[in-house]
Structure formats: structure tokens, C-alpha cells
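In what follows, chains carry the letters A, B, and so on, assigned in the order in which the sequence lines appear, proteins first and then strands, with residues in each chain numbered from 1.
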2 protein chains.
Amino acid sequence: MNHEDHQEETLHVGSGEFRMTKQRRVVYDVLLDQRDHPTAQEVYSRAKRRMPGISLATVYNCLDTMAQAGVVKQVNVARDATRFCPNLRPHAHFLCARCGEVLDVDLKPAADATLAWAMPDGASVEHLEVAMRGLCPTCASQPAQLV
Amino acid sequence: MNHEDHQEETLHVGSGEFRMTKQRRVVYDVLLDQRDHPTAQEVYSRAKRRMPGISLATVYNCLDTMAQAGVVKQVNVARDATRFCPNLRPHAHFLCARCGEVLDVDLKPAADATLAWAMPDGASVEHLEVAMRGLCPTCASQPAQLV
DNA sequence: ATGAGATCAAGAATTATTCTAAATAAGGAA
DNA sequence: TTCCTTATTTAGAATAATTCTTGATCTCAT
């Protein structure tokens, strides 16, 4: 008998644990295959190409579940929709004001991102999110836009 | 003739310039008087006590205008409503996961917050927003919550 | 005083996200 | 297998923050 179509794996990563269902697999693969920090809507569009019946609610559920489990990260660089990324290294995000692209910016080896900040004595930081805006290398080297 | 009631001042601060109208004055004073990073709704509630006729749309407009002008900062620590603060020093924000309070965290003197990050070559950073979550000193020193 | 442009008010519209309820799928036990 | 319990998915309604629209009002310079 052939198990391949129905077998699921249970993943233990980060803080949580969750079943890798078909839908979650698709959503996760979407994030892995094109690492451009898509929004939930964008993930939904891409996921539908692979699994036409998938629903937007499910995409939200999957992203949420995986974010809880620590398998993907939620990214907020602007005030619009939350974006998602499967990069688990400690990193910041850089939104290019001209082209709109979102880049990962790695933490330098052995660096401590909180070091520059005068943390209140006794505070414990569990989570850090760094959002930068500016011009990406490509756009910065381009002549100023005439519009 | 008495000018006091109608006279306006024009402020030149940061990048922009704007007229300090009665409504903007009220909104700005609300931010100055209680520096707890209120949301637009919260600013609206407080502003109405001083100027009952003010509208929510106007509060949004005022906050937006002043943010553009660089007189207040928009703060995004969680995914919920944007908060506002009149602190113009370079600083990060710390959201206490237990009590919900938002604290300002100053940049250490002469420190560079981007130093810890491996910025792509040639990128120019115009804006940096740092959001931390964890336990504030008060909550961290409290015994663990039973519930 | 007057006219142009900025600002304000009220409510409708938009949009991201969450919630609800019912249907389906999965894993374990007999 | 077959039955049972629980988790997941789905579709659409509900929520909530924010933006937009329109007409009224205010300000400033003339």
C-alpha cells in the first residue's frame, strides 16, 4: 500500500509543535520558493496555483500556526499587511522606499542588537523586530526619479 | 483687538512645516501630557475632553500631519493600532507582554543602531523602527502569574 | 471685505484580519 | 478495517483600524 499521499509528519521546531498538513506544506513551500516576503493575500494567490481549493482563512491559519511554532516569522515593515518569511536566522528587514522590495539584513556574527539601546534595568527582551526604510543598493545607485 | 483666541503659529520642525491649529494643538498637548503611547482612538477620547466637538477623522489628520512634519512619531510594537509619541530623541519601543505598557528605550549616547546589522553595501537607511517585547522591570520582578 | 486654499467634520468605504459554524480529514483504539 | 475523538479546513460574516469623500468652515493675504 502506498502511504505517500496521506502521510503527515509532525514537526518540532522552535517553541511549538504542529502537524505538517497538505495545506501547511503548500503554504510553507510558497514561502520557501520565493523569498520576497509576501503578504497573506499574496501567499494565498500563490498557494492556489498549487492547491486550487485552498481558502484564504486556511492560509491565515497556516501562517499563524507556523508563526506560533516558530517556523516562519511575521514581518512588519510598513503599516500595511503583515508579511511572512521563512528565514529563521536573527535578522532585520529593510524596505526600499523606491522599489518596495523587502530585504533581509542579517545580524552580524556575535553582535547583540540590543547593545546600542539603554535598556531599563531588569527588563528581559524576548522578541526584537527591526524595520528599516531607505533606498536599496540598486535604487540608491540609480539617478533620482523624475515624476 | 485681541488676537489670542485665533492666532496661529507656524512650526518648522524636522522635515515639514505645518500650521498649529486649535485641533492640532489639542492633539499635540494630549500626547505631551500623558506619554503612554496612546492609539488614535485613545488620543481622540482624551482630546474630546478638551475640545468636545473634535472628530476622529480630524485626530487622524492631525496625527498624520504632525507625523509627516516630524513632530510626533508613529509607533508600531504590535500588530494592533498604531500608537503615537512626541519623543523626538532616537529611541526604540518596548512592549511589556504582561502589563501592556509601552516604554521608550533611548539610543545610547554616540551609539549607532545599525552597527549590529550587516547592511547591504550601498543601502541608505532613512528610517529605523525598533520594537521589543518582553517583561518590563516591574513585571519581571513580580512572581509568575497564576492563570 | 473677499477669494483661494487649507482644515475640519461626519459618515461611508476600504482592507486586513479574526471569528463562527459546519463539513471534512486524520489518528488511535477496538 | 470501523468507529470515535479531535484537529483542520472552508466559506462567509463580523470586526476594527484607517482612509476617503464631500461639503462646511476657517485662515491668511490681498
Side-chain angles (χ1 to χ4, degrees), chain A residues 1-12 16-28 30 37-45 47-48 50-69 71-72 74-84, chain B residues 1-12 16-28 30 37-45 47-48 50-69 71-72 74-84:
Chain A
M1 182 193 258
N2 169 344
H3 277 200
E4 281 138 39
D5 291 347
H6 300 294
Q7 203 169 32
E8 285 183 2
E9 31 177 339
T10 301
L11 286 196
H12 308 254
E17 162 178 338
F18 74 106
R19 284 216 315 260
M20 187 55 96
T21 64
K22 293 193 201 72
Q23 286 84 348
R24 288 171 186 166
R25 170 97 266 151
V26 166
V27 166
Y28 189 47
V30 162
H37 306 86
T39 63
Q41 280 286 352
E42 187 58 41
V43 172
Y44 174 53
S45 308
K48 267 202 298 194
R50 307 175 184 206
M51 181 185 270
I54 199 170
S55 76
L56 177 58
T58 296
V59 170
Y60 271 104
N61 286 339
C62 293
L63 290 170
D64 192 59
T65 300
M66 293 193 283
Q68 301 268 38
V71 172
V72 306
Q74 295 182 316
V75 178
N76 292 284
V77 259
R79 262 170 307 160
D80 59 337
T82 299
R83 296 159 176 279
F84 295 85
Chain B
M1 180 193 263
N2 169 345
H3 278 201
E4 280 139 38
D5 291 347
H6 301 295
Q7 203 168 33
E8 286 185 2
E9 32 178 339
T10 301
L11 285 196
H12 308 254
E17 162 178 338
F18 73 107
R19 283 217 316 258
M20 186 55 95
T21 63
K22 291 193 202 72
Q23 286 84 347
R24 288 173 185 164
R25 169 97 267 150
V26 166
V27 166
Y28 189 46
V30 161
H37 306 87
T39 63
Q41 279 287 351
E42 187 57 42
V43 171
Y44 173 53
S45 308
K48 266 201 301 194
R50 306 176 184 206
M51 182 185 269
I54 199 170
S55 78
L56 177 58
T58 296
V59 169
Y60 270 103
N61 285 340
C62 293
L63 291 170
D64 193 58
T65 300
M66 293 193 282
Q68 301 268 40
V71 173
V72 305
Q74 295 183 314
V75 178
N76 292 285
V77 260
R79 262 169 306 158
D80 59 337
T82 299
R83 297 158 175 279
F84 295 85

| Nearest-Å distance, CD (B:Q68) to P (C:dT7)? | 12 Å
| query | Is the shortest side-chain N/O distance from A:T58 to OP1 or OP2 of D:dT9 below 4.0 Å? | reply | no
| field | Nearest-neighbour nucleotide for the B:A81 side chain, C:dC8, C:dT17, D:dT18 considered | value | D:dT18
| Nearest-Å distance for atom pair CZ/P, residues A:R25 and C:dA26 | 15 Å
| Under a 4.5 Å cut-off applied to non-hydrogen side-chain atoms, are A:I54 and A:V27 in contact? | yes
| Could you state the CZ-P distance from B:R24 to C:dA9, rounded to the nearest angstrom? | 11 Å
| task | Among the candidates C:dA9, D:dT9, D:dT19, find the nucleotide nearest to the side-chain atoms of A:C62. | result | D:dT9
| query | How close or far is atom P of D:dT9 from atom CG of A:D64, stated in whole angstroms? | reply | 12 Å
| query | Rounded to whole angstroms, how far apart are CE on A:M51 and P on C:dA25? | reply | 11 Å
| request: Take atom CG of A:L63 and atom P of D:dT10, then tell me their distance rounded to the nearest Å. | output: 13 Å
| said: Show, in sequence, the C-alpha distance, side-chain angles and deciding distance for B:T82 and B:L63, and conclude whether the side chain to side chain contact (heavy atoms under 4.5 Å, CB included) test is met. | reply: CA-CA 11 Å; B:T82 299; B:L63 291 170; over 6 Å; no
| request: Test A:V71 against A:F18 for side chain to side chain contact (heavy atoms under 4.5 Å, CB included), laying out the working first. | output: CA-CA 10 Å; A:V71 172; A:F18 74 106; 3.5 Å; yes
| task | Measure from the side-chain heavy atoms of A:Y60 and tell me the nearest of D:dT10, C:dA16, C:dT7. | result | C:dA16
| In whole angstroms, how far is the C1' atom of C:dT15 from the CD atom of A:E42? | 16 Å
| remark: In this structure, SG of B:C62 is separated from CE of B:M20 (nearest 0.5 Å) by 9.0 Å
| message | So if I take every side-chain heavy atom of B:R19 and compare against C:dA26, C:dT17, C:dA6, which nucleotide ends up nearest? | response | C:dA6
| Atom CG of A:N76 to atom P of D:dT18: distance rounded to whole Å? | 13 Å
| request: Looking only at side-chain atoms of B:K22, point me to the closest of D:dT27, C:dA26, C:dT7. | output: D:dT27
| N or O in side chain of A:T39 less than 4.0 angstrom from C:dA16 OP1/OP2 | no
| How is B:A57 classified with respect to the nucleic acid when contacts are heavy atoms under 4.0 Å: base, sugar-phosphate, or nothing? | base
| query | Taking only N and O in the side chain of B:T21, is any of them less than 4.0 Å away from OP1 or OP2 of C:dC8? | reply | yes
| message | Less than 4.0 angstrom between a side-chain N/O of B:R79 and OP1 or OP2 of D:dA17, yes or no? | response | no
| message | B:F84 vs B:Q74, test: side chain to side chain contact (heavy atoms under 4.5 Å, CB included). Steps then yes/no. | response | CA-CA 5 Å; B:F84 295 85; B:Q74 295 183 314; 3.6 Å; yes
| task | Remember a base hit wins even if backbone is also touched, and classify A:T82 as base, sugar-phosphate or nothing at under 4.0 Å, heavy atoms. | result | sugar-phosphate
| field | Which residue lies more 5' along DNA chain D, comparing B:R83 with A:T65 via nearest heavy atoms | value | A:T65
| 5'-most contact on DNA chain C: A:Q41 or A:N61, nearest heavy atom basis? | A:Q41
| said: In the structure I gave you, are the side-chain heavy atoms of A:Q41 and A:V59 within less than 4.5 Å of one another anywhere? | reply: no
| request: When you get a sec, tell me which of D:dT9, D:dT18, C:dC8 is the closest nucleotide to the side chain of B:L56? | output: D:dT18
| said: For a quick check of understanding: with a heavy-atom distance under 4.0 Å over all strands, which category does A:D80 fall into, base, sugar-phosphate or nothing? | reply: nothing
| message | Below the 4.0 Å mark, does D:dT10 have OP1 or OP2 next to a side-chain nitrogen or oxygen of A:Q23? | response | yes
